[in-house]
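A quick note: this is a predicted structure, and the numbers were derived from the prediction, not measured.
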Amino acid sequence: MEMGDKAVGLVLTMTSLSIFTYYTFWVIILPFVDDDHFVHQYFLPQEYAIFIPVFAGVVLLSFLSIFIGLVMLKSKKKKAA
C-alpha cells in the first residue's frame, strides 16, 4: 500500500511540475520570442493565460462553497434531530 501512495505522489508532483513549467514558459518567456517562431504553435493565445486560472479559481471556490454549505446544512439537521 505504501508503494502505491508513493506512486500517486510522484504522479501528482510530476503533473504539477509540468503544468508549472508550461505556464511559466507561456507567460514569462514566450512574450519575448518572435511571433513567427515555431514554438508559438504549442501555446494558446496570451489572453487565455489569465482566463484559464481565473475560471479554475472560480470553479474551485464555487465547489468549495457548495460543499461547506451542504456540510453546514447536514450538521444543522443532526443538531435538530
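Note on Ile50 and Leu61: separate hydrophobic clusters, where clusters join Ile, Leu, Val, Met, Phe, Trp and Tyr whose side-chain heavy atoms are under 4.5 Å apart, directly or indirectly. Cluster membership for Phe38 and Phe43, using ILVMFWY side-chain heavy atoms within less than 4.5 angstrom, is shared. Cluster annotation: Ile29 is not connected to Phe20 through the hydrophobic network of ILVMFWY side chains, with a link wherever side-chain heavy atoms come within less than 4.5 Å. Cluster annotation: Phe67 is not connected to Val58 through the hydrophobic network of ILVMFWY side chains, with a link wherever side-chain heavy atoms come within less than 4.5 Å. By the rule that hydrophobic residues join a cluster once side-chain heavy atoms approach within less than 4.5 Å of another member, Ile66 and Val59 end up as members of separate clusters.
For OH of Tyr23, the number of neighbouring non-hydrogen atoms (other residues, nucleotides, ligands) closer than 6.0 Å is greater than 12. No more than 12 heavy-atom neighbours from other residues, nucleotides or ligands sit within 6.0 angstrom of CZ on Phe51. By the 6.0 Å contact criterion, OH on Tyr22 is enclosed, its count of non-hydrogen atoms from other residues, nucleotides or ligands being greater than 12.
Ser75 places a side-chain N or O within donor-acceptor distance of the main-chain N or O of Met72, the cut-off being under 3.5 Å. A donor-acceptor distance shorter than 3.5 angstrom exists from the side chain of His40 to the backbone of Asp34, with no hydrogens or angles considered.
Rounded to the nearest 0.5 Å, atoms OH (Tyr42) and CG (Leu30) are 12.5 Å apart.
Of the candidates Thr15, Leu17, Thr21, Ile19 forms a side-chain contact (heavy atoms from CB on, under 4.5 Å) with just one, namely Thr15.
Of all heavy-atom pairs between Pro31 and Trp26, the closest is CD-O, 3.7 Å.
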